Amino acid sequence: MGLIENAERPNFILTTIDTLLRWGRSHSLWWCNAGSACCSLEFAAMGGARYDMDRIGSGLVRASPRQSDVLLIPGPITKKMAPIFVRVYNQMPDPKWVIAMGSCAISGGAFRESYSMTRGADTVLPVDVYVPGCPVRPEALFYGLLKLRARVRGTSNIGLAHREPIYVPPDLPPEWEAEVREFLGEHEAC
Amino acid sequence: MDTYANLAALVLAGLVGLAFVFALYGAVKLLAPSRPYALKNATYECGHDPLGEAWVPYRLQYYAFAIIFLIFDIETAFFYPIVLVWRQIGTLALVETLIFVAVLLVGLLYAWKRGVLKWD
Amino acid sequence: MFGQGLLKGLSVTGRRMLGKTECDMYPYRKRVLPPKSRIFLSMRATPDGKALCNACLTCQQGCPDNVIRIEQDPEDRKRAVSFRVNSGRCTFCGICEENCPRHALTFTQDFERATFDKGTLTYALIADGTATGACVIVERTEPEHPASAEGGEDVG
Amino acid sequence: MNARIFLTQLLGALGLIVILGFNVIIMDWWERKLVGHIHRRPGPMHTGWHGILQPFADMLKMLSKEDIVPDRADRLFFWLGPAVAVVPAFMALAVLPLAPGFALADIGNGLFFVFAMQTIMPFGYTLIGWSGHNKWSLVGALRSAAQLISYEIPMLIVALGILLAAGSARLTDIVNAQSTVWYAVKQPIGLLIFFITAVAEMNRSPFDMPEAESELVAGIHTEYAGMKFGLVMMAEYTAMLVGSWMIVLLFLGGWHLWPLPPSPVWLVLKLYLVQSGIIWLRGTYLRLRVDTMMEMSWKYLIPASLANLMLVGVLATTFKGF
Amino acid sequence: MIEDHPRVGRLQKDAVTESIVLNMGPQHPSMHGVFHMQLELSGETILAARPVIGYLHRGIEKLAEHRTYAQCMVLVDRLDYISQYCNEWAYCRAIERLARIEVPERAEWLRTMYAELVRVTSHLMWFGSVGLDLGGWTPVIYAFIPRERIFDFFEATTGSRLMPNYLRFGGVKEDVDPAEMEALHAYLAKDLIDALDEFDGLVTGNEIFLSRQRGLAPMTVDQAHAWGVTGPMLRACGSTRDLRIDTPYGVYDRLDWESCTDTRGDALARYSVRMREMRESAKMALQCIERMPAGEVRTKVARVLRPPEGEVYVRHESTRGELGFHIVSDGSPKPYRFRVRSPAFMNVSSLPHLCAGAKISEFFAIFGGIDNVMAEIDR
């Protein structure tokens, strides 16, 4: 049903519930980590003793996207990896957010010119927070997480279903599609 | 009377527990958004399309374990009355149980030697 | 004896459980980063808003990732009209800082730059010919050391 | 049956829900805190006083997460699985006494009722794992079943030793028999085996085969999202409560703490000490390999538990006061 | 075996079971990146394992052909992001041999020190991920504590925690502050050793750990050579091949150390070789700090280097094994061909052979022992 999301207009009860839920969500953002490259090391360091993201309730890195709230993209998205990320993102339950960590995830970074790279995570996924750095310092990612928390806490969800269309996974550009298909065809044959 | 009241309490506890679980399901229905689409409801397998079915005649390594488990489970049921009245019977209970356990152990040893107890 | 290692492990974690934590408590207490730490590319400028950059384009040409865009003043080629940095692409390798003949470029340790909008990751160090707020104000206008890159040739 | 008894029992059952919820909330926080301190980090810190509101935030979030039912899953069992895991644990709580005779149903066969309920729980896990139509969770489900059949037996046989000594299966009687000396002192081997099997039955590390985070993505609940996952966690914590409650009742003297007067406070204290010990194990050990785990039960624990039973039998026959 | 029994064996054959094909990775918690294994399982036994790589293929070798030699350093850093200094050093050695650049004495000492320090951090990372793969959460958090301390040193002296871009053709970027070295010396001499002892207490002696590692996936020297396995994995099977001794570079021949080998060849041997290597590396880094001579750290090299025409192949003992750079120069400021012989790629090629017939849970113990880095495998 979705009492909050489908509501036409706010009233006292709805806003109270909404505030409570936003508080809960913002204090318990769990990660889905598809640890691709260098930045995932700094992400691991953020879970370590010195930075400890568990302090603010984000300490759980769930292996399955079904149980996580934030998809972290800690590195380059290659053309081969892009469909995987899209699929993992789509399999996360709503509401969900994406953090692009590091230059590679923001724009392709050092590998921007390469034939096998996408130019940033936002070409395939709706990114909420961009954290620059190469690799991103754990503190910088922590700050990004705090920003995301502020956004989660500050955005009302009442009537969201009417305002925001369902996120439709973008079609891959046709030339990649062909490449991916070609790869998958060979791959499944083996 | 007391027994019946206790039984009723257990049934009641079970029902309340079920009601609790379904109340939570109901709360989720009320509070959570729901936007299913095909890709979201597809099976998760590390970001790939799953190859083949999951519900196949899967090989159970512990087929033999399960049979021995049954034997031992029944054996515990046999033990149950005798340990409760152990003090009344005394030495006889000890001797009888020892024989029983010895027979069981021989069986377990046989299975062990045959390699049944190897998870494979 | 079997079990010794298990007990040893318990003693290790048990000791740690009662000991002090190692945490920095980041948002509440911030660690001072070492001055060499390369986090945020910025430029030295004098208090009256003059950047030390002389628009020689060494940094722009040496940059592996096309991070820097400099616009020279068409009349005075030694003066930059705008100097823009796209930190969303930067790999923080420090080649620009190292190559800068006037030691105008420097890195500051401000890492709190996560943003909702990718566009804001591009910032200007010089806009309309004057240094912007992202610059570091220094007293000296002369470079600290003579250019270290002497004998080097320009990037082709 | 008259209405007053019914009402009392209904209130009692609702009270059990409070106990269950309280335990889940406290343990969620305490586990993260304790594991954090083992890791030399503070754990939840900024959500309320030392993160005490963290479990509430998690619960609210889970309530408001979308509930995904995969297309290929078996819908009925997908819904039923968490219920089958939670309800038996909940019913087991009904017979566990907090003070002499103070239980919702202090039945004469309480010990075996709890075991029966603990045996149903893995069925819930198996259903959870099987219904998702996911290969990871299928492997986890079958591991869960394997674990059940291996660790059930030594647990029961050790409990027989307690029965033998106490001469009654009523939990209150068993605790009262320990008013002077705990069974932990009289049957230390039994305590060791019972502790190991209890940890295995509640699927805690180092026996967390069905979940096996690093091996089988998220194990049995790979396909479970939102509150359903929360229910599985709830079942896990409740199983932990029931298991440690059994350890306290059978071996650690329940509400007795010699020479202090018996009081439920001691029981709660011991309960959370045992649970902290289980968390300590989780913070220390690596996971056992699944075949080692199975063989450990059959080759060592079952013979050892039978030997323990015979030892207790010999002692009980020889010394009348045992 | 029960299958050998005539009647039981027939029964088991009659019961028709199917194998399932399982995609493990790329989005999997213990795939150390985006590795993808296609496993064919019968029960929990792996019948066949097919590694699929390329999810992190960024085309580094091609990108390098469009960059000047100095700019390539950025890519070399990101080649194997766990042992950056080893990569940089190997690349610098290749270019220095190609362009005949002399390296000052102190720079060699500094390079050796950084390479050994990074070996410590790399093995610490490996130790943590082995713990994580085997189901323990504590080892990885503990491993990050000394790692952070060494990273502090890296950051204070080179400017970056992970991607230093510190080595230069003909030396290093800048000299190191003696105060930092003092502090590091104090740390390496005591606290790091204490931490390693703690790891031994937590994991090495643990019976659960031993039962999971002992005798698992044995490998002989011949097999290792056939699969191209190098580094600690090779030394764990009894070979003494260590490029730091066989083809000395840096100041290794002037340091007092020994190469760690083991003869058992199983997963436990791979573990113990790496654990001992950490102590050896810490010892070497200490010696470097103590004996380092004063002097220049960098020779003057043209900012845009144009090595003479020719090609070079340099072998280097990276943390994972033999890292090779094959660089062809056509006299222009950009490499004509840039090719990396990546140790992790060769090591991981032994995986299908090692894990056939293993259980799922054994697979992770084997996989952890290989210590792969996807960035280096895919490049």
Side-chain angles (χ1 to χ4, degrees), chain A residues 1-5 16-30 32-35 45-70 88 90-97 142 145-146 149 152-153 157 160-161 166-167, chain D residues 28-29 31-48 50-71 73 132 134 136-137 140 211-230 232-233:
Chain A
M1 265 190 283
L3 194 65
I4 307 288
E5 265 76 5
T16 314
I17 297 175
D18 185 45
T19 316
L20 256 176
L21 292 187
R22 279 190 274 136
W23 175 81
R25 282 169 181 168
S26 69
H27 280 84
S28 132
L29 292 169
W30 294 355
C32 172
N33 178 22
M46 196 171 94
R50 184 181 274 183
Y51 306 102
D52 187 17
M53 57 195 172
D54 201 22
R55 278 181 298 139
I56 58 169
S58 300
L60 295 187
V61 184
R62 297 303 310 175
S64 162
R66 304 283 195 196
Q67 295 142 19
S68 43
D69 311 288
V70 185
V88 167
N90 277 301
Q91 296 197 333
M92 285 164 66
D94 281 324
K96 51 193 169 184
W97 297 274
F142 210 111
L145 176 63
L146 291 176
R149 271 158 64 95
V152 171
R153 189 141 183 211
N157 291 313
L160 195 72
I166 296 172
Y167 175 69
Chain D
D28 185 11
W29 175 76
E31 175 163 22
R32 283 167 82 168
K33 207 74 188 161
L34 200 62
V35 170
H37 275 275
I38 286 175
H39 292 164
R40 305 169 73 181
R41 56 189 177 81
M45 201 69 190
H46 305 312
T47 314
H50 279 255
I52 189 75
L53 295 180
Q54 191 58 55
F56 293 98
D58 288 345
M59 207 179 68
L60 277 173
K61 184 205 73 178
M62 280 177 176
L63 275 175
S64 67
K65 278 300 259 192
E66 185 181 2
D67 192 21
I68 297 177
V69 183
D71 285 339
N134 183 306
W136 296 113
S137 50
E211 185 171 350
E213 186 101 338
S214 63
E215 294 172 14
L216 317 172
V217 186
I220 48 169
H221 44 68
T222 305
E223 291 287 357
Y224 276 69
M227 200 59 221
K228 285 209 194 96
F229 169 60
V232 181
M233 271 174 72

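Note that this is a predicted model, so its numbers are computed, not measured.
- Contact check for A:Gln91 versus D:Ile68: no side-chain heavy atoms found under the 4.5 Å cut-off.
- For chain D, no part of A:Met53 is nearby; none of its heavy atoms comes within less than 4.5 Å.
- Looking at D:Arg41, its side chain never comes within 3.5 Å of a backbone N or O of A:Asp54 through a donor-acceptor pair.
- Looking at A:Ser26, neither its backbone nor its side chain comes within 4.5 Å of chain D, counting heavy atoms on both sides.
- If you measure heavy-atom distances from D:His46 to chain A, the contacts under 4.5 Å come from both the backbone and the side chain.
- The two residues D:Ala225 and A:Pro93 come nearest to each other via the heavy atoms CB-CG, 4.0 Å.
- Ranked by non-hydrogen atom pairs under 4.5 Å with chain A, the options D:Asp58, D:Asp67, D:Leu63 are led by D:Asp58.
- Here the shortest heavy-atom pairing between A:Arg62 and D:Ala218 reads NH2-CB, 4.1 Å.
- Note that OG of A:Ser64 and CZ of D:Phe229 are 8.5 Å apart. Values are rounded to the nearest 0.5 Å.
- Contact count against chain A (heavy-atom pairs under 4.5 Å) is highest for D:Lys65 among D:Met59, D:Met62, D:Lys65.
- Remark: D:Glu66 CD to A:Lys96 NZ distance equals 7.0 Å, nearest 0.5 Å.
- Residue contact with chain A, scored on non-hydrogen atoms closer than 4.5 Å, involves the backbone and the side chain of D:Glu223 alike.
- The choice from A:Gly24, A:Ser28, A:Ser68 that makes the most heavy-atom pairs within less than 4.5 Å of chain D is A:Ser28.
- Among all heavy-atom pairs drawn from D:Leu60 and A:Trp23, the shortest one is CD1-CE3, 3.9 Å.
- Side chain of A:Gln67 to main chain of D:His221: a donor-acceptor pair is present (N/O by atom type, distance under 3.5 Å, no hydrogens or angles).
- Using a 4.5 Å cut-off between heavy atoms, A:Val152 makes no contact with chain D at all.
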